[in-house]
Structures are given as structure tokens and as C-alpha cells.
Amino acid sequence: MGIRLYNTLSGEKEELHTLEPGKVRFYACGPTVYNLFHIGNGRMFVIFDTVRRYLEYRGYAVRYVQNFTDVDDRIIHRANETGDSVREVANRYIEAYFEDADKLHIQRAVVHPRVTECIPDIIRFIEELIDKGHAYEEAGTVYFDTSTFADYGKLSHQSLDSMQAGFRVDVLDEKHDATDFALWKAAKAGEEFWESPWGPGRPGWHIECSVMNEKYLGEQIDIHAGGRDLVFPHHENEIAQTEAKTGKTFARYWLHNGTLNINGEKMSKSTGNFIMTRDLLERRDARALRLFLLSAHYRHPLNYTEEALDHWENALARVDRALKNLSFRADSIQAAPQFLSVHGDVRRETERAIEAIRAAFIRVMDDDFNTAEGISVMFDAVRQANLALEDNVTLGDVTAWKDIVLEFLDVLGIGSPEHDVDVAEVYIQSLIEERAQARKNRDFVTSDKIRDELLAKGIVIEDTPQGTRWSKA
RNA sequence: GGUGCCAUAGCCAAGUGGUAAGGCAGAGGUCUGCAAAACCUCCAUCGCCGGUUCAAAUCCGGCUGGCGCCUCCA
């Protein structure tokens, strides 16, 4: 059995069959760069970065494309507020995106296209839609005619009729129908604009993604991902534009992540209840934040609380301690060449245990990228590794256990703990040796004094049969 | 009005027909000079009511509570 993933289009889990065997064409909606991104946005980026990592882990070559929306009303507003140019605002927040994304270990896409780089392609795309009778122009603005696309509503599972009778129908103005949407917007006075066959203007919101997909991935792609709140209208409109133009199925699989909530409500830029990822990272550990973001299934809502972050910081510390203790054991084996028996390769039983645990990880992650279960398997690996340390394990065993935990951390994008080497290390080592001597003499007053001194400096001492190890508190 | 989702221990969160993963917190134990870390054990019958079934947290119906979307939103 291969990878199964929930497809919003069908409303069911489906087995992954890509257009080209072994290759995945993957498009994820990127940020509109008028501000920093909040942790709700961050959740989306982390989730699909993890999906990408997992697909690669399973042997797929993933062509991952994520756009920057750098043409938008909100960017214009922002520029007016700050007195900067629209381009300055966009560039600043593109840079800021990379800074924050890097901290969350979100890998760069293969291409990060920007709307402003695709204007001629967008114009050509719209011209073709007009030629094919799917779009019309009114006073310099071009609208997509939803009545010409029979499948309109297939992603959000709503009928045109029900939408037209909808709750929040806006004024028809020059549109033929309330569900029609702008492909090209006529420029208002003083706004940034590009020349087009319909006069000066700028692209509408949805067209960019259709165009970038076609330009960088082709007319048909495998996976298209974004937040739940993009299903309608954004992704619905993308399907309409692309499929109306090509007559082919656009994306085979539509993946949508659940919202990140705060106080039980969606974290949202428009309502003001959000926490910027950048602000949070100033006081919180990025790896623990990433673990938290992956701790629930990606399609479910996840509630943000400070307590939850405390929880995952503690949980991650358990993983890091295990890694540290495995390293300590490996070092102590290597430092004691006289004990030949533990210098051996990984033993058969260890290999088998690790194979079983890797298989378990793949089994749960294959099932719609169930990272919550994947994390649970990782903790099982940690428990077994700790258990192994109570035994006379070989160097090969220790290394193998360490590697499997690191393998899971890598797939989840959490990565290894920082290796905290600093100049104080020599000093700490000397105190530890002094203490060891005192303990040998059963001078526990001195040994405890040294331990307390170190503790006061944030250094925790732990005695093991292989000697004393230390870590930062 | 339309449409979709959720409700599992003190907390977080998997599981979606075969008798409740994992983590955090808590209790007891082992190990230790004492600790720490680690390991072991303990800690839920799955919102409510009814139905289907040999068997339901898992399927169906109803109810209650919460949330998303219906052209700003990841």
C-alpha cells in the first residue's frame, strides 16, 4: 500500500497516483506579502513542508512551487500607510518570510514565483479565456463568467444556484452575475498598474495561481495545497480558470489544512486575533513550535495556547535528552577500547526492532500524513532507545537508535538539537573530574557542593555507570 | 438560508466495526551515596438519546454544545 491522502475534491481518501511515476508536481499557496506571517499561516507552511519532506522520504522527486502574492490591495494600503513604495513593502515582507520560515525549518520551494514576474503570462491567459468565451470585459475590468463553466462549485461542493441565493451576495455592479470574479482589475487613480489590452490595470487575486501553476508545473499538477479558507472562492476559481482554458483536470489532489485557533476562534489577520510567528519565536523554541504545529492531524483545527507550547517544549526535551544520552554512551564506548564486546556492529535484534518502528512510522504517515501518529511512533523509538541504554549495547546499536530518531526528526522538519559546545566546556569538564575524585573518596560534601555550583550556573549533572554526563538545564 | 467539520482521561491528541496509541501533568516502584535521567506499574468505556450488528468511540437517526466556509483570510 502506498500513500493515501484526503482529497477535498472527492471528499475521500485516495491512493496517490502521480502524473509521472516517482514525481510530484506540488503547488502550495504562499503568502500575500503585506505583513509578517502569523502562526496560523505558519501552520500551513509547516504542514505542507512536512508533506513535501515525507514525499521525498518515500522516494518521490517533488517539484514544490510556492508563490508570493506581491500585487494586492492590502499591500497598496500598507504602502500608503508607511509612505514606502508598493515594491518596497512587498520586498521587505518577502525577505521577512524567508527569515521566519528558515527558523521554522521550512525549506525553500524549487521556485518562489511572484505575480509581478508573471504579468505577460497572466495577460495571455486572460486573453485566451476571453477568446474561448469564458470571460468578458466591462470598463477595463475583465470578469470570469462562471455560467460558462459547468463544474463551477465542484471543489467546495456548492451549486451555483445555492451560491447565487447566498447569504452575502454583493452588489452586481457591472458583473453579469454575483459569482463572476475579476481576472483583471482596471487601475484606480494613483495605483500601481500594468498596460494591458483592456487598458491599465492589475491582475485579480485568483488568476496568478492558475498562471504560475501552468508556467512552473504545467497544465496539470498532482497536489495543490492551501488553507481550508481558500477552498472557496480562491481554489474554486483557480479550477474554473485553468480547466476552462485547458479542458483538462487541473490538480489531481486538493489538500486543505485546518485552521489554527486561538481562544477557540480562527486566528485571522482580518479579525486581529493573531500572533506573529516572529514575535513568538523571540520567546519560544522554534523546534517545539513546529512539533506543536504537527501535533494534531493537519485537517483538524488546532488550538493555540501557551500551555500547549510548554507541553511540547517538555516533550521535545525528552527526545533531545535521549539523543544526548545516546551520544554520551557512544563517546564512552569509544573512550574505552578495552571493552571490545561493545565495539561491535548493530546487532540483528536491534536492526529488527528499528525496521519495525520505521515500518510503523511509514504506515501511519502514509495514511494521509498523520503526523500526530508519526510523533507517537517517534516517542516509541525514544522509549526503546532509552531501554537499550540500560543494556550492554554495542556502538552499532547506539548509533542505529540515534539515527532512527534523527531520521524521524528530519522528516518532520524538526531537526537535531543545537549542539551546545562553548568555551566553558573545558571548565565544566574539570569540575566534573574534581567531583568524580571527591566521590571516589566518598567525600559527598565536596561532590554535592560542586554539583550545586554547576547547577547554579545552569549545568545539570547526571551520574551513569559510564561516568558523569552533563547538560544545560 | 446553504454547506462542511468537530465533541475521546486533569490537559493536549490519535484511533473510524472487534473490545481505547502517544505526550504533558500526577501516584507508586526499580536504579543511585543522595540526586538526575531512564525504565516498570497505575490513572478514560469515548457529549446525550435511540437504532443497526454476534460486536460501535467507530455505521444510521435525533438532540445538545462548538467551529469553518458561502467572494479580505493559510
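Keep in mind that the numbers below use all heavy atoms, side chains included, and drop hydrogens, waters and symmetry copies. Letters A, B, ... are given to chains in the order of the sequence lines, protein chains preceding strands, and every chain is numbered from 1.
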Under 6.0 Å between ring centres: does that hold for [X] and [Y]?
| X | Y | result |
| --- | --- | --- |
| A/Phe149 | A/His134 | no |
| A/Phe98 | A/Phe68 | yes |
| A/Phe181 | A/His206 | yes |
| A/Tyr136 | A/His176 | yes |

Distance between [atom1] atoms of [N] and [M] (Å, rounded):
| N | M | atom1 | result |
| --- | --- | --- | --- |
| B/C24 | B/C43 | C1' | 14 Å |
| B/C63 | B/A55 | P | 26 Å |
| B/G62 | B/C39 | P | 48 Å |
| B/U58 | B/C49 | P | 13 Å |
| B/A57 | B/G18 | C1' | 13 Å |
| B/A20 | B/A25 | P | 26 Å |
| B/C31 | B/A13 | C1' | 32 Å |
| B/U64 | B/U45 | P | 26 Å |

Within this structure, what is the [atom1]-to-[atom2] distance between [X] and [N], rounded to whole angstrom?
| X | N | atom1 | atom2 | value |
| --- | --- | --- | --- | --- |
| A/Asn261 | B/G66 | CG | P | 14 Å |
| A/Arg228 | B/C70 | CZ | P | 12 Å |
| A/Gln466 | B/U32 | CD | C1' | 14 Å |
| A/Phe232 | B/C72 | CZ | P | 10 Å |
| A/Asp368 | B/U16 | CG | P | 12 Å |
| A/Asp73 | B/C72 | CG | P | 10 Å |
| A/Phe274 | B/C72 | CZ | P | 18 Å |
| A/Lys154 | B/C69 | NZ | C1' | 19 Å |

Using salt bridge (charged side-chain N to carboxylate O under 4.0 Å, His left out) as the criterion, list what pairs up with [X], not counting sequence neighbours.
| X | answer |
| --- | --- |
| A/Asp310 | A/Arg284 |
| A/Glu191 | A/Arg202 |
| A/Arg278 | A/Glu99, A/Asp100 |

Starting at the 5' end of RNA chain B, what dot-bracket string do you get if Watson-Crick and G-U pairs under 3.5 Å are bracketed, crossing pairs use [ ], other-strand pairs use | and unpaired bases use dots?
-> (((((((..(((.....[...))).(((((.......)))))....(((((..]....))))))))))))....
More 5' along RNA chain B: A/Ile375 or A/Asp229, using each one's nearest nucleotide?
-> A/Ile375
First of A/Gly258 and A/Lys13 reached from the 5' end of RNA chain B, by closest nucleotide = A/Lys13
Would you say the side chain of A/Phe45 lies within less than 4.5 Å of the side chain of A/Tyr97, judging by non-hydrogen atoms?
-> yes
At 4.0 Å (heavy atoms only), tell me whether [X] reaches a base, stays on the sugar-phosphate, or touches nothing.
| X | result |
| --- | --- |
| A/Met378 | nothing |
| A/Gly40 | base |
| A/Leu260 | base |

Within 45° of the six-membered ring axis of A/Phe26 and under 6.0 Å from that ring's centre, is NZ or CZ of A/Arg52 located there?
-> no
Assess A/Arg439 against A/Phe444: is NZ or CZ under 6.0 Å from the centre of the six-membered ring, and within 45 degrees of the ring's axis?
-> no
Identify the two heavy atoms, one from A/Leu255 and one from A/Tyr298, that lie closest to each other, and give their separation to 0.1 Å.
-> CG-OH, 3.9 Å
Do you know which of A/Ile207, A/Val211, A/Ile122 makes side-chain contact (heavy atoms from CB on, under 4.5 Å) with A/Val115?
-> A/Ile122
Which nucleotide in B/C73, B/C67, B/A21 has an atom nearest any side-chain atom of A/Ser376 = B/A21
Give a yes or no on whether a donor-acceptor pair under 3.5 Å exists between the nucleobase atoms of B/C73, that is its base, and the side chain of A/Lys266.
-> yes
Kindly give the atom pairs (protein nitrogen or oxygen, nucleotide nitrogen or oxygen) under 3.5 Å for nucleotides 11-14 of chain B.
unit_1, atom_1, unit_2, atom_2, d
B/A14, OP1, A/His297, N, 2.5
B/A14, OP1, A/His300, ND1, 3.3
B/A14, O3', A/Asn370, ND2, 3.0
B/A14, O2', A/Glu373, OE1, 3.2
B/A14, O2', A/Glu373, OE2, 2.5

Neighbour count above 12 (heavy atom, 6.0 Å) for A/Glu81 CD | yes
Nucleic acid footprint by protein, nucleotides 33-38 of chain B - heavy-atom cut-off 4.0 Å, B for base, S for sugar-phosphate alone | BBBBSB
